[in-house]
Every structure is written in C-alpha cells, then in structure tokens.
Number of protein chains: 2
Amino acid sequence: MARLAGVSRATVSYVLNNTSAVRISEPTRRRVREAARELGYVPHAAARSLRAGHSRMVLMPAPAVPVGPLYSRFLDELQSALGRLDYTVVQYGAVGLQGDEAARAWAELRPVAVLVPGTGLGPQGVAVLKRSGARAVVTLGPERVDGAHALLTDHGAVGHCAAAHLRARGRRRIGVVVPEEPGLEAFSRPRLAGVRRALRGTEAAVTELPLAYTEQAAAELAARWRELGLDAVFAYNDEYAMLLMRALQDEGVRIPEEVAVVGADDLVLGRLLRPRLSTVHIELPSGRDLAELVDRAVRDPGGEPEVRKVLGASLVQRDSS
Amino acid sequence: MARLAGVSRATVSYVLNNTSAVRISEPTRRRVREAARELGYVPHAAARSLRAGHSRMVLMPAPAVPVGPLYSRFLDELQSALGRLDYTVVQYGAVGLQGDEAARAWAELRPVAVLVPGTGLGPQGVAVLKRSGARAVVTLGPERVDGAHALLTDHGAVGHCAAAHLRARGRRRIGVVVPEEPGLEAFSRPRLAGVRRALRGTEAAVTELPLAYTEQAAAELAARWRELGLDAVFAYNDEYAMLLMRALQDEGVRIPEEVAVVGADDLVLGRLLRPRLSTVHIELPSGRDLAELVDRAVRDPGGEPEVRKVLGASLVQRDSS
DNA sequence: TTGAAAGCGTTACCAG
DNA sequence: CTGGTAACGCTTTCAA
C-alpha cells in the first residue's frame with residue numbers, strides 16, 4: 001500500500017499490526033496511520049494468509065433447510081464465542097455440492113477449521129480438508145467420521161423419549177409423522193428409528209405417517225384417521241403437531257382421550273395450543289463449549305478426535321398426552 | 001504443487017483451469033490430473049484471487065436475528081442463483097461490529113460484491129468497500145445508501161396494508177404490537193410507522209403495545225385489555241398474533257367481534273388458528289432477480305446504482321378481522 | 001507444446 | 001529504528 005506514505009511496506013506492516021518486537025517512532029506511526037485512513041487502506045486477508053500459511057477462518061456450510069429458533073440460537077452463540085477467540089466465522093453457501101466434492105470447494109478457502117452439520121462428509125473429505133491445512137474438522141451429526149471430531153446429535157433419542165412416554169401412558173398403537181419436505185429426512189429418519197427402538201420387544205406397534213406441511217395434506221390424513229386405529233402420535237416436531245392437531249380436532253377426534261399427541265422442540269407455540277402440547281425438549285450443545293472444542297483442536301491438531309454426545313432430549317408433559 | 005508431476009506449475013494451471021488459449025497434450029493432462037488426485041491437491045483460493053486481483057466471492061453478513069421461513073427461502077434461492085452464475089456466496093458471521101467498522105472487516109476479504117441486509121452501512125462503508133475492489137454493493141433495507149444499489153424493503157407497507165384493512169372494516173381504536181425482542185425493531189418500527197401513516201387524518205387512534213414473546217407477557221397484556229378499549233390489533237406478525245390471540249381468548253375476549261386481529265407473513269400457522277388469522281402476505285424479491293442484479297452490477301461497475309422497491313404487501317383476509 | 005519468470009499484498013528476517 | 005529482500009501459491013506472459 002502506502003509506500004506512498006513515505007515509508008517502506010515493512011514499516012506499514014509493523015505499525016498496523018502493533019508489532020511489539022520492533023519500535024517505530026511516533027511520528028512515523030502517525031504518518032502511516034494517516035495515510036492508511038486517507039487511502040482507505042484495508043489489509044488484504046488473502047495475502048496475509050498466503051504469507052502466514054494459515055488463516056483464522058472457521059468455515060461452516062450454510063444449512064440448506066430453513067432452520068428453527070433452536071439451531072439459530074446455537075449458531076449465534078457459536079459465532080460470537082468463536083469471534084471472541086478471534087476466529088472469523090464464515091458460512092459457505094451450500095450450492096448442492098455433494099460430499100467430498102463439497103469438501104474440495106471448502107478446502108480452496110484454506111480454513112483453519114471446518115464445522116460440518118449433517119451427513120455427507122466422508123473420511124475422504126476429512127482427509128482432503130486436513131491435507132489442505134485445516135487443523136480441525138468437526139462434524140455435527142448422527143455418526144462420527146474417521147479423522148474428525150464428532151458432536152453426535154442422536155435424534156433417535158428424541159423419538160425414543162417420545163415413544164417411551166407414550167408407552168408409559170398406556171398407548172399401544174403409535175403413529176409417527178414423517179415430513180415429506182425434502183431435507184428433513186436427516187432428522188425424521190433417526191427420530192422414527194428411535195421410536196422403533198423404544199418399542200421393540202413390547203406389544204406396541206408403529207405406523208409411519210408421511211405428511212406434507214400443508215393444511216390439505218393434514219386434512220386428508222385426518223379424514224382416514226379412524227381407520228388407522230391409532231391411540232397416539234409422535235408428530236415429528238411442534239409445528240407438524242400443531243398442523244395435525246388442528247386437522248384432527250376439525251375431524252372431531254378428541255385429544256388426548258382418543259389420541260395422545262407429542263411434538264418436539266418445545267417451541268412457545270406448543271404452550272399456546274389447546275390442549276397444551278406435550279413435547280420433547282431438545283438441548284443443543286452450548287455454542288461456547290463447541291467454540292472451545294474447536295479452539296483446543298486447532299491448538300493441538302495431533303490430538304485424538306473428541307467424540308461427544310451433545311443432544312439432550314427430555315419430555316415435557318402437558319395436556320395432549 | 002505438482003512440479004512433482006513432472007511438469008511445470010504453469011502446465012498444471014492450464015490443465016486444471018481448462019485454459020483454452022493453449023493446447024496441452026492429452027497424456028500430459030492425464031498425468032497432471034492423476035497427480036492432482038493422488039496428492040489431494042486443491043487450488044488455493046487466496047493465492048488465486050491475489051494474483052488475479054479479484055475474486056468471485058459475494059459476501060453477505062449473516063443475519064443476526066432468527067430468520068423466518070420466508071427469508072430463508074429467499075436466501076436459499078439467491079445462493080443457488082448466484083452459484084449458477086459461478087459466484088461463491090459466503091455469509092460473514094456478524095460479530096457485533098458496527099457499521100463502517102464492519103465494512104472494513106468485510107473489505108479484508110476482497111469480495112467482488114457485498115449484499116447487506118438491514119441498516120448500519122453508511123456511505124463511508126460503501127466507499128471503503130468499493131475502494132477495496134468490490135464491484136457491487138447492494139443494500140437490502142428501508143432506505144438507500146449513497147453509492148450502493150438498493151433493494152428497498154418498505155416494511156411500512158406491511159403496517160399500512162394492515163391498518164387500511166382494519167379501518168375499512170370499521171375499526172377505529174387500533175393497537176399495534178411492538179415486539180420487545182432485540183433486533184426486531186428494524187422491522188417493527190417501520191411497520192408501526194406504516195400503520196400511523198395509513199391512519200393519519202382519520203379519526204382512528206393508534207396504541208403501541210410492547211410485547212415480549214412469552215406466554216406470561218401476553219397474559220399480562222390480555223389482563224388489562226378491556227381498559228385499553230381497542231377494537232383491533234395489528235400483531236406485528238403471525239407468531240405474535242397467535243400468542244396474543246390465545247391470551248385474549250383465555251381472557252374471554254371475542255375475536256373478531258370485540259377485537260379484530262391481523263398478523264403478517266402469511267405462515268401456515270395462521271390458517272390453523274381459530275378463527276383463521278387474517279394476515280399480510282409479504283412478497284420478497286425473487287432470488288434469481290437479485291442474483292441477476294448483482295451480476296449486472298459486477299459486469300458494469302460504473303453504472304448508475306439501481307434502486308428498486310421489492311417488498312410487496314397484500315392483505316389476506318380470513319376470519320379474525 | 002512446454003518451461004521460466006514476474007508479480008499480486010503480506011510479513012519475517014537481516015542489513016543498514 | 002528503518003528499509004530491502006524473499007517467499008507464500010497462483011496465473012499469465014514470454015521465450016524456447
């Protein structure tokens with residue numbers, strides 16, 4: 001830049017980085033600062049990290065599905081926690097790249113750490129990222145990936161929790177709503193599996209209920225409700241629960257007498273329904289903890305990958321079950 | 001990298017970029033490709049853009065507030081549209097930097113375009129970005145900023161639409177819910193102003209109703225409802241509308257006889273309430289259009305800044321008003 | 001058809 | 001204390 005400030009580039013670097021190893025005269029500092037402001041000088045991150053051989057960028061693929069308030073909060077917390085640790089968090093617009101191909105695209109940015117929600121990253125992808133200089137790869141999903149740290153979000157626990165509750169309440173024929181919206185299978189499948197697991201070896205039976213998030217789809221499901229002969233339903237989450245409850249009530253099905261309903265996510269919404277919605281409260285990891293994990297991993301890239309279960313599920317009983 | 005592939009770096013560059021200006025022998029190409037795969041070679045985006053003097057990165061600050069399905073959809077569309085135009089969309093984790101300070105942080109990444117939702121970027125910030133090589137700066141907010149293209153989202157129109165409707169229905173004492181959640185003022189204030197504008201010069205009166213998004217806050221508001229003497233309320237959006245409606249119904253206030261309620265956002269939710277919720281349907285710009293605007297601006301950085309109104313508001317009347 | 005070399009903006013290192 | 005120089009990985013121009 002301001003070789004035009006009358007000094008050398010090195011001097012500029014010293015001044016702007018407050019390098020303490022060398023001492024620059026006050027007048028010089030002033031000259032440099034002034035010139036910087038005047039020229040609207042902004043350091044060039046790419047050049048810096050090229051020279052340094054590493055960056056402070058933590059890369060996350062941007063979530064593809066509209067994301068609830070829970071995950072939003074978590075993400076926010078994570079970002080500010082990492083920010084305080086002097087990392088720059090960047091969400092990479094996921095443009096439908098698949099798995100290891102995506103990993104290569106991410107690697108081009110040479111992030112110091114990569115945080116991958118969901119599945120789709122294989123051991124190969126992890127290897128690519130690490131070779132390209134990523135000092136930490138952390139997955140946030142149902143299963144661990146070789147070479148990466150893992151935050152295991154076992155959505156099975158959500159279904160398990162709901163099903164165990166329904167069974168304890170004496171319900172035996174249990175429906176499970178499976179959203180038809182694409183992108184939600186990642187959550188709905190494990191939740192369904194969790195229900196199955198909870199009921200294995202009991203006399204209770206599970207019925208899958210595919211459902212699109214529209215009034216009409218819910219009405220159609222409700223119309224054939226009696227012939228399904230269910231006495232309980234785990235509705236995937238609170239929003240689908242609301243959709244289904246309304247349709248059932250319009251159909252004259254009494255809740256919870258004829259059918260118990262349980263949602264998930266513990267949204268404010270559920271408390272506003274009548275009957276009040278029983279739900280599975282989901283506890284995500286604290287953003288601060290995760291930020292610290294990332295920082296630790298970056299500082300000690302050789303360490304054993306940490307694997308940690310991070311999804312807490314607990315039932316909140318209200319009036320719908 | 002693969003000087004170890006037996007060829008020169010230039011050759012590698014040619015092969016991997018499919019440079020058509022020069023012709024490389026097929027065997028060489030193969031050798032290079034193979035070596036690249038074997039070594040897990042991934043080009044270094046920073047080096048590339050350093051050399052090229054520009055990047056294909058479109059930068060967006062990540063929204064600070066949990067964002068509804070509307071905006072999510074819009075963002076998704078935008079990202080894939082830009083992806084198809086061969087841009088890389090990156091969301092920068094907003095770490096509470098203010099205005100032009102944030103602009104400097106963004107400028108460090110030398111994005112080719114910056115897309116800024118909300119206020120907080122001043123003309124100075126725009127200038128910094130442009131000087132640092134951004135060929136397009138587009139704001140998405142209530143007012144234009146000198147030097148930047150603007151997509152004007154006039155949330156006043158939302159309030160205006162709701163208020164005009166309520167007035168046409170004969171309501172005269174109109175409450176307006178103002179969320180207490182931080183970060184929402186950016187939307188709630190203009191919406192309130194829009195209501196005021198719609199009712200100016202009429203005999204209708206406006207009452208502000210601050211409200212936190214909790215059951216208790218809603219109950220407290222409902223408890224003193226009669227003394228407020230309102231015959232209509234614009235509830236900020238559908239979610240606050242649901243919250244308030246429930247509290248009012250618990251209090252025995254009849255909707256719409258005693259008080260008409262209008263929400264906004266036209267969520268599925270509103271159709272599930274009883275009475276069905278009247279709402280303001282909001283039309284965001286199509287992601288494709290915006291992507292094209294960005295692309296045009298990048299190709300012709302000298303052009304006049306485009307200023308465009310992009311927020312459509314139309315009332316959907318149901319049973320609550 | 002291929003190779004060599006320059007240069008993008010930074011910063012570490014060493015000589016003045 | 002300050003300034004010159006080299007090197008990070010890449011693309012491009014020029015020469016072989």
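Reminder, nothing fancy here: chain letters follow the sequence lines and each chain counts from 1. Since the structure is predicted, the reported quantities are computational estimates derived from the model, not experimental observations. Values below: every heavy atom of this structure, side chains too, minus hydrogens, waters and symmetry copies.
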Exercise. Salt bridge (charged side-chain N to carboxylate O under 4.0 Å, His left out): which pairs involve residues 125-153 of chain B, sequence neighbours left out?
Worked result: none
For this session: Would you mind reading off the distance between B:R110 atom CZ and D:dC10 atom C1', rounded to a whole angstrom?
Result: 17 Å
Seminar exercise, completed: With the side chain defined as heavy atoms from C-beta on, B:R51 is closest, among C:dT11, D:dG9, C:dG9, to D:dG9
For this session: Determine, for A:E108 against A:R104, whether the closest basic-nitrogen to carboxylate-oxygen distance falls under 4.0 angstrom.
Result: no
For this session: For A:L109 and D:dC10, give me the distance from atom CG to atom C1', rounded to whole Å.
Result: 15 Å
Exercise. Nearest-Å distance, NE2 (B:H44) to C1' (C:dC8)?
Worked result: 13 Å
Seminar exercise, completed: note: B:H54, atom NE2; C:dG9, atom C1'; distance rounded to Å ~ 16 Å
Exercise. Do A:D295 and A:R299 meet the salt-bridge criterion of a basic N to acidic O distance under 4.0 Å?
Worked result: yes
For this session: Please report, rounded to the nearest Å, how far the C1' atom of D:dC10 is from the CZ atom of B:R56.
Result: 18 Å
Exercise. Please give, in whole Å, the distance from C:dG9 P to B:R48 CZ?
Worked result: 18 Å
Problem set entry | Basic-acidic side-chain contact under 4.0 Å: A:D300, A:R296 | no
